[in-house]
**Q** 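Here it is, the structure, as C-alpha cells.
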Amino acid sequence: MEMVKLWLLLALLIAPKKSAGAEFPPTCNRIECPSFDVIETGDGYEIRRYDSAVWASTAPIQDISLHEATRRGFLQLFDYIQGKNKYNEKIEMTAPVISEVSPSDGPFCASSFVVSFYVPKLNQADPPPAKGLHVQRWKPTYVAVRQFSGFVVDANIGAEAAALDASLVDTKWAAAIAKSRRVEHASIYTVAQYNSPFEFDHRVNEIWFLFDIEDIAQV
C-alpha cells in the first residue's frame, strides 16, 4: 500500500499527455505487430481492443529490476526465434516485447516478471514448443495504454504506471480494470517495448492495463 501511495504521488509530477492519440510505433511499419482498434482517446490514456493474439512467454522471473528481468527474458526469447525450439524453426522478429509486472510488497523485495514475444500470424496455429517457454493465447482483449518515449529504466516505470492509473480515475473503464486486477495471478501492469536497445531515435514504449468487459454494450 505504501508503494502504491508513492507511485500516485510521483504520478502527480508527470502531467498526462494531451493529444489526439498515441503515436503509431514506427517499428510496426517494418515488422509485424498485433492488430487493435482504438476505442477511446482520453486525457493521458488510450483504450484499445486487441484482436486474438498468441504470445510465447517465459516462466515468471524473480528480480528487483524490470530492466534486468526483461533482458534475461528476452535472451530466452531471442534464442527461441533463432531456432532453439523443438521444430528448429526460425521465427520473424515482431513487436512489442512485453513484460507483465507483479510488484513486490516492499522496495527491496523481488517482483515477478513474465516476458513475452508476439508470435507472428504465420506461426500462431502451431507455435514451436521450447523448454522454459509457454504459449499464451489471448481472446479479444481490452487494454488501457499510456505511451512514453526514451529508454525504459527502473527509475521511471513505476511513475509512468501510476500516471496511467491516475488518468483513468472517474472514467467508465476504472471499475473494469480494478475487477480484472483482482483475478488470481493477474499482473498489475504490463510494459510494452517496441524498439531494439540499439535504436536511439523514435523510441516508443507503453504501459498497459489489461482488462475484460463483460457487457460489450457499455463500450
**Q** Is there side-chain contact between Leu164 and Leu168, with heavy atoms separated by less than 4.5 Å?
**A** yes

**Q** May I ask you to say whether Arg30 pairs ionically with Glu199, meaning some side-chain N is under 4.0 Å from a carboxylate O?
**A** yes

**Q** What is the distance from atom OG of Ser99 to atom CD of Gln193, rounded to the nearest 0.5 Å?
**A** 6.0 Å

**Q** Gln136 and Val54: side-chain contact (heavy atoms from CB on, under 4.5 Å), yes or no, with the steps?
**A** CA-CA 6 Å; Gln136 292 193 61; Val54 179; over 6 Å; no

**Q** Do Asp165 and Arg181 meet the salt-bridge criterion of a basic N to acidic O distance under 4.0 Å?
**A** yes

**Q** If you group Ile, Leu, Val, Met, Phe, Trp and Tyr by side-chain heavy-atom gaps below 4.5 Å, do Val191 and Ile188 land in one group?
**A** yes

**Q** Check whether any side-chain heavy atom of Thr190 sits under 4.5 Å from a side-chain heavy atom of Val101, and report yes or no.
**A** no

**Q** Hydrophobic cluster membership, with links at side-chain heavy-atom distances under 4.5 Å among I/L/V/M/F/W/Y: are Ile213 and Ile177 in one?
**A** yes

**Q** What about Trp208 and Tyr142, are their ring centers closer than 6.0 Å?
**A** no

**Q** Check for me, please, whether Leu66 and Ile98 land in the same ILVMFWY cluster - side-chain distances under 4.5 Å, paths through other members count.
**A** no

**Q** Between Asp212 and Ala176, is there a donor-acceptor pair closer than 3.5 Å when you use the side chain of the first and the backbone of the second?
**A** no

**Q** Given Tyr45 and Ser167, is the side-chain contact (heavy atoms from CB on, under 4.5 Å) satisfied, shown in steps?
**A** CA-CA 7 Å; Tyr45 70 88; Ser167 71; 3.7 Å; yes

**Q** Go through it in stages, so that I can follow the logic: the residues are Val153 and His67, the test is side-chain contact (heavy atoms from CB on, under 4.5 Å), and I'd like the CA-CA distance, side-chain angles, deciding distance and then a yes or no.
**A** CA-CA 6 Å; Val153 295; His67 181 271; 5.6 Å; no

**Q** Once you round to the nearest 0.5 Å, how far does CZ of Arg203 lie from CG of Asn195?
**A** 4.5 Å

**Q** Quick one, Val204 and Thr27 - any side-chain contact, counting heavy atoms below 4.5 Å?
**A** no

**Q** At their closest point, which heavy atom of Arg72 faces which heavy atom of Gln62, and how far apart are they?
**A** NH1-O, 3.6 Å

**Q** So, for Pro127 and Val135, which heavy atoms are closest and what is the spacing to 0.1 Å?
**A** CB-CG2, 4.0 Å

**Q** Any link between Ile81 and Phe74 through a network of hydrophobic side chains (Ile, Leu, Val, Met, Phe, Trp, Tyr) touching at under 4.5 Å?
**A** yes

**Q** Could you pull out the closest heavy-atom pair between Asn85 and Pro129, with the gap in Å?
**A** CB-O, 3.3 Å

**Q** First locate atom OH of Tyr194, then atom SG of Cys28, and finally report the distance between them rounded to the nearest 0.5 Å.
**A** 5.5 Å

**Q** Is there side-chain contact between Val145 and Ile47, with at least one heavy-atom pair below 4.5 Å?
**A** no

**Q** For the residue pair Phe209 and Trp173, establish whether any side-chain heavy-atom pair is separated by less than 4.5 Å.
**A** no

**Q** How about Lys90: does its NZ atom have over 12 heavy atoms from other parts shown lying under 6.0 Å from it?
**A** no

**Q** Pair Glu32, Glu92 - check side-chain contact (heavy atoms from CB on, under 4.5 Å), show working.
**A** CA-CA 9 Å; Glu32 186 178 342; Glu92 291 294 327; over 6 Å; no

**Q** Stepwise, does the side chain to side chain donor-acceptor pair (under 3.5 Å) test hold for Ser112 with Ser102?
**A** CA-CA 5 Å; Ser112 179; Ser102 298; 5.1 Å; no

**Q** Would you call the rings of Phe117 and Tyr80 parallel, tilted or perpendicular if under 30° counts as parallel and over 60° as perpendicular?
**A** perpendicular

**Q** Does OH in Tyr87 sit with more than 12 non-hydrogen atoms of other residues, nucleotides or ligands closer than 6.0 Å?
**A** yes

**Q** Within a 6.0 Å radius of atom NE2 on His134, are there more than 12 heavy atoms belonging to other residues, nucleotides or ligands?
**A** yes

**Q** Would you say Phe36 and Asp51 make side-chain contact, with heavy atoms under 4.5 Å?
**A** no

**Q** Are the side chains of Phe148 and Ile157 in contact, using a 4.5 Å heavy-atom criterion?
**A** yes

**Q** Under 3.5 Å, is there a donor on one side chain and an acceptor on the other for Tyr189 and Glu100?
**A** no

**Q** Closest approach of Ser57 and Val114, non-hydrogen atoms and distance?
**A** CB-CG1, 3.9 Å

**Q** Determine the minimum heavy-atom distance between Arg137 and Ala125, stating which atoms define it.
**A** NH2-O, 3.8 Å

**Q** Do Glu89 and Asn123 meet the criterion of a side-chain donor-acceptor pair at a distance under 3.5 Å?
**A** yes

**Q** Charged N to carboxylate O below 4.0 Å: is that the case for Arg48 and Glu206?
**A** yes

**Q** Quick one: does Thr94's side chain have a donor or acceptor within less than 3.5 Å of a partner on Tyr118's backbone?
**A** yes

**Q** Flag the pair Gln76 / Ile61 as yes when at least one side-chain heavy-atom distance between them is below 4.5 Å, and no otherwise.
**A** yes

**Q** Would you compute the distance between atom NZ of Lys131 and atom NZ of Lys84 and round it to the nearest 0.5 angstrom?
**A** 9.0 Å

**Q** Out of curiosity, Ser180 OG to Leu210 CG, how far, rounded to the nearest 0.5 Å?
**A** 8.0 Å

**Q** Rounded to the nearest 0.5 Å, how far does CH2 of Trp55 lie from CG of Leu77?
**A** 11.0 Å

**Q** According to a hydrophobic-cluster definition based on side-chain heavy atoms being under 4.5 Å apart (Ile, Leu, Val, Met, Phe, Trp, Tyr only), do Leu75 and Val115 belong together?
**A** no

